[in-house]
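Residue numbers count from 1 along this sequence. Values below: every heavy atom of this structure, side chains too, minus hydrogens, waters and symmetry copies.
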Amino acid sequence: MRERSRPRGRREAGGGGGTGGAEASPRGERRGDLAEGGSHGPAMEEGAADLRQRKKQNCSESDKMAPEQRNKENSKLGRSPKYMLIQRFAKLFFGCLAAVTSGMMYAVYLSTYHERKFWFSSRQELEREITFQGDSAIYYSFYKELLKAPSFERGVYELTHNNKTVSLKTINAVQQMTLYPELIASVLYQASGSEEVIEPVYFYIGIVFGLQGIYVTALFVTSWVMSGTWLAGMLTVAWFIINRTDTTRIDYSIPSRENWALPYFACQVAALTGYLKKNLNCSAEFCYLLVNASTYTFMMMWEYSHYLLFVQAVSLFLLDSFALAQTEKVHEVYKIYLFSLFLGYLLQFENSALLVSPLLSFVAALMLSKCLQMNMKKGTFMSRLLKVMYIYLVLTVAVTLNFLLKMFVPYKENEHLLKFIEVKLGLNTTKNFTMNWLLCQESLQAPSQDFFLRLTQSSLLPFYILVLIICLFSVTQVIFRRICGEPLKEAVKLEDGRIGERPEIVYHVIHTILLGCLAMCLEGMKYLWTPYVCMLAAFGVCSPELWMTLFKWLRLKAVHPILLALILSMAVPTIIGFSLWKEFFPRIMTELTELQEFYDPDTVELMTWIKRQAPVAAVFAGSPQLMGVIKLCTGWMVSSLPLYNDDDLLKRNENIYQIYSKRSAEDIYKILTSYKANFLVIEDSICNEVGPVRGCRVKDLLDIANGHVVCEEDDNYAYSKYGRFCHEIKMNYSPYVNYFTRVYWNRSYFVYRINTVISFQS
């Protein structure tokens with residue numbers, strides 16, 4: 001009251017000339033003179049300076065009072081600053097404990113399930129190795145070779161100049177097959193002195209299971225950072241494990257590259273989420289370093305990693321184009337991509353595939369376009385027009401750069417990949433065996449209805465769709481406000497109900513949509529999409545901001561929306577958790593307690609015969625999947641491998657698959673001897689295959705490629721003057737016995753020696 005009465009007294013003194021007001025305040029005299037005369041310049045300046053000084057004092061007093069008032073409010077609520085610090089520490093401690101425990105329990109669960117499924121502890125080494133099928137067998141075989149080498153340097157040299165795996169071919173196995181995981185595993189095994197403690201196979205699969213635990217922990221942390229509660233992380237882990245069939249391939253392909261690489265990508269996504277978050281500035285530097293390390297490691301672990309990073313770069317580009325994130329942060333991530341590509345190019349033996357990758361062209365186009373753009377985000381009509389042109393400019397420059405790089409960089413493009421995309425999109429048709437065989441693979445077909453049914457039964461898909469719709473509508477509102485020139489709020493509060501203004505949320509929405517589009521085309525992509533569906537759905541149902549956004553639209557008046565949002569963010573995930581526990585926990589425990597049996601005596605007998613009877617310098621020919629197992633279990637040289645990133649190996653596979661076609665004995669003999677093969681292995685399961693889809697069996701695809709199929713009135717008839725080779729060779733009559741001599745057989749396999757001296761006696 002005293003501060004307000006003073007100006008009024010001064011105005012009275014100045015206007016009426018009363019002495020009481022002048023005596024009470026000398027400044028009142030000056031103000032009175034100033035009001036009367038109005039032309040005293042020095043007095044005016046002095047009064048203005050005095051007014052500014054009083055304002056500064058008032059502001060400083062209010063600033064000093066603010067913490068005191070907050071402390072008083074906290075004391076009224078029973079909360080002291082020390083109490084708040086302890087509460088935050090306890091929340092962080094128990095959240096980290098829950099995240100680490102979830103990862104460790106998942107790793108133990110995988111180990112227990114693997115033991116129950118394969119009886120690993122009671123098997124001999126040969127029987128254990130047979131459980132690795134296809135390309136997994138090849139990866140593990142190189143791990144064995146590294147451990148057998150006299151030194152690590154010698155082992156690496158033999159892998160980079162490998163001529164003991166594929167006949168008539170010297171390959172850099174480290175580069176071509178991305179064997180960096182095996183290099184790391186062998187170094188750790190030898191450096192840690194584990195030779196006398198644990199067997200190599202247990203050490204190898206233990207690392208993979210441990211990485212899967214890190215994978216789950218990273219998803220836990222991502223959902224926790226987004227929602228603010230580690231309850232979301234627990235729900236993410238629960239959905240991930242329940243939908244394990246659709247979230248990971250760890251059950252039947254342990255050494256596959258994606259099982260080594262995707263945990264690092266999950267760590268990168270978790271760090272990127274924290275880096276994009278607005279109110280996490282104290283940890284931004286740590287998140288930035290973690291994004292650096294995990295991006296580079298991910299790129300070294302998987303040959304297709306740059307394609308997944310390209311999808312992520314597109315997500316960040318759209319996020320930045322609509323001005324929903326700090327441009328500086330987004331462009332720092334672009335620099336990380338460039339650094340990782342450059343370092344990967346050098347350490348992957350100058351891998352030219354990284355130079356012509358779409359990621360490099362796209363990021364380079366973004367950096368160039370940034371230098372060219374001017375005044376893009378000022379809210380004017382011209383800036384909006386330039387924004388559209390900016391997107392067009394980036395896409396045009398990216399395509400042009402990629403075209404120029406492919407012209408000047410000596411890189412042999414995988415032609416089968418481009419042809420596959422053309423045929424998959426319906427732009428072309430082909431009779432090529434390799435193309436049709438790839439199209440028939442389950443992982444490269446559209447997802448089945450069972451996939452969506454499983455996600456729905458676990459309640460994952462309905463909640464994901466709900467969360468996605470709310471976030472999309474909120475993001476659309478934010479974009480519309482940005483177009484209208486309204487700036488983003490620096491700090492979004494719960495009562496605002498604007499979840500679409502959080503950049504990390506927008507990034508994940510865009511990212512899951514892009515991955516979802518890929519998963520709808522190729523079922524194999526579901527292993528990239530479903531884990532982040534679990535994370536986003538769990539975040540949404542546990543986030544009060546999402547429920548508040550929904551209530552803002554509904555305009556609830558009967559119940560306080562903030563209170564209801566807080567209640568639902570706790571009640572809904574709790575109900576979901578109890579329902580999942582009741583329905584799926586008994587199934588998981590049954591999996592762990594039920595003893596399964598994996599025993600393949602025919603394959604064991606075949607491998608035992610090869611190791612005992614076949615010459616050391618022998619070369620075996622057969623299906624690529626079987627050749628991978630022969631290479632692992634025996635170490636003998638083979639004529640083909642189950643790898644699909646090399647055109648020469650694909651051509652070899654197609655030629656050797658001709659043993660199941662309708663071609664003459666002479667043709668097959670010429671093909672096999674051209675690869676210096678000494679023994680031929682025919683699998684009865686392929687020769688007498690009865691596939692669920694007619695036209696996708698190996699022998700059907702070969703008949704189509706060789707022109708041995710005649711189409712009449714929608715019916716297909718196989719026609720050739722020769723019988724099917726794999727059937728005819730079993731009859732032991734001329735000319736087959738002239739070229740091949742049977743040396744071993746059991747119920748599943750027939751082994752023939754390829755004669756070097758041909759006898760044409762009937």
Side-chain angles (χ1 to χ4, degrees), residues 172 174-184 211 214-215 218 222 257-276 284-320 325-371 394 397-398 401-402 405-406 409 411 504 507-508 510-511 514-515 528 532 645:
N172 184 343
V174 177
Q175 178 187 4
Q176 188 165 350
M177 303 178 192
T178 319
L179 296 181
Y180 295 97
E182 282 68 32
L183 296 179
I184 296 172
L211 285 174
I214 294 175
Y215 192 2
T222 305
R257 302 300 85 178
E258 61 193 62
N259 289 334
W260 284 90
L262 291 181
Y264 295 103
F265 182 68
C267 292
Q268 190 252 26
V269 170
L272 182 61
T273 303
Y275 184 63
L276 293 175
E285 187 174 350
F286 170 75
C287 292
Y288 176 77
L289 294 176
L290 185 56
V291 171
N292 261 297
S294 54
T295 302
Y296 171 69
T297 308
F298 173 59
M299 190 169 292
M300 296 294 291
M301 293 291 170
W302 195 20
E303 66 267 29
Y304 300 118
S305 58
H306 55 89
Y307 291 110
L308 188 54
L309 291 175
F310 170 70
V311 176
Q312 186 183 70
V314 172
S315 304
L316 293 172
F317 166 65
L318 295 175
L319 182 68
D320 181 49
Q326 297 180 19
T327 304
E328 295 77 12
K329 286 187 175 182
V330 174
H331 283 273
E332 285 298 322
V333 179
Y334 293 157
K335 294 177 183 177
I336 293 174
Y337 291 151
L338 292 177
F339 173 76
S340 299
L341 285 168
F342 174 72
L343 202 58
Y345 171 76
L346 294 179
L347 296 182
Q348 291 183 11
F349 305 93
E350 298 183 356
N351 186 5
S352 57
L354 297 179
L355 295 181
V356 298
S357 67
L359 176 64
L360 178 60
S361 302
F362 187 69
V363 173
L366 287 168
M367 304 300 286
L368 289 174
S369 301
K370 181 191 175 184
C371 298
V394 169
V397 174
L401 279 176
N402 192 256
L405 286 172
K406 288 180 179 178
V409 174
Y411 170 71
E504 72 276 14
Y507 158 73
H508 280 287
I510 299 173
H511 197 201
L514 294 178
L515 291 178
L528 303 177
Y532 295 98
N645 58 355

To the nearest 0.5 angstrom, please state how far the [atom1] atom of [X] sits from the [atom2] atom of [Y].
X      : Y      : atom1 : atom2 : value
Leu290 : Tyr275 : CG    : OH    : 12.5 Å
His511 : Leu528 : NE2   : CG    : 8.5 Å
Asp320 : Ser315 : CG    : OG    : 12.5 Å

Of all heavy-atom pairs between [X] and [Y], which one has the smallest distance, and what is that distance?
X      : Y      : result
Ala365 : Leu401 : N-CD1, 3.9 Å
Leu355 : Leu360 : O-CD2, 3.2 Å
Asn402 : Val356 : ND2-O, 3.0 Å
Ser340 : Asn292 : OG-O, 4.5 Å
Val291 : Leu272 : CG2-N, 3.5 Å
Met299 : Leu309 : CE-CD1, 3.4 Å

Counting C-beta onward and ignoring hydrogens, is there a side-chain heavy-atom pair between [X] and [Y] closer than 4.5 Å?
X      : Y      : result
Tyr304 : Glu258 : no
Thr222 : Tyr532 : no
Leu316 : Leu276 : yes
Met300 : Leu343 : no
Leu359 : Leu354 : no
Tyr264 : Ile214 : no
Ile184 : Trp260 : no
Val330 : Tyr334 : yes

> Hey, what's the ring geometry for Phe310 with Phe362, parallel, tilted or perpendicular (30° and 60° as the breaks)?
Replying inline: perpendicular
> Run the side-chain contact (heavy atoms from CB on, under 4.5 Å) check on Leu211 and Asn259 step by step: do they pass?
Replying inline: CA-CA 8 Å; Leu211 285 174; Asn259 289 334; over 6 Å; no
> What pairs meet the side-chain hydrogen bond (donor to acceptor under 3.5 Å, both in side chains) rule with one or both residues in residues 293-302, with sequence neighbours excluded?
Replying inline: Gln268-Thr295
>> Testing Tyr307, Tyr215, Phe265 one by one against Phe298 for a ring pair (Phe, Tyr, Trp, His ring centres under 6.0 Å), which residue passes?
In response: Phe265
> Does the side-chain contact (heavy atoms from CB on, under 4.5 Å) test come out yes or no for Glu303 and Asn351, once each step is laid out?
Replying inline: CA-CA 10 Å; Glu303 66 267 29; Asn351 186 5; over 6 Å; no
>> Hydrogens and angles aside, do Gln312 and Tyr337 bring a side-chain donor and acceptor to less than 3.5 Å of each other?
In response: yes
> If you count the non-hydrogen atoms of other residues, nucleotides and ligands that lie under 6.0 Å from CZ in Phe349, is the total more than 12?
Replying inline: yes
>> Set out, in order, the CA-CA distance, both residues' side-chain angles and the distance that settles side-chain contact (heavy atoms from CB on, under 4.5 Å) for Met301 and Thr178, then state yes or no.
In response: CA-CA 7 Å; Met301 293 291 170; Thr178 319; 5.8 Å; no
> Would Lys335 and Glu332 pass as an ion pair if we require N to O under 4.0 Å?
Replying inline: yes
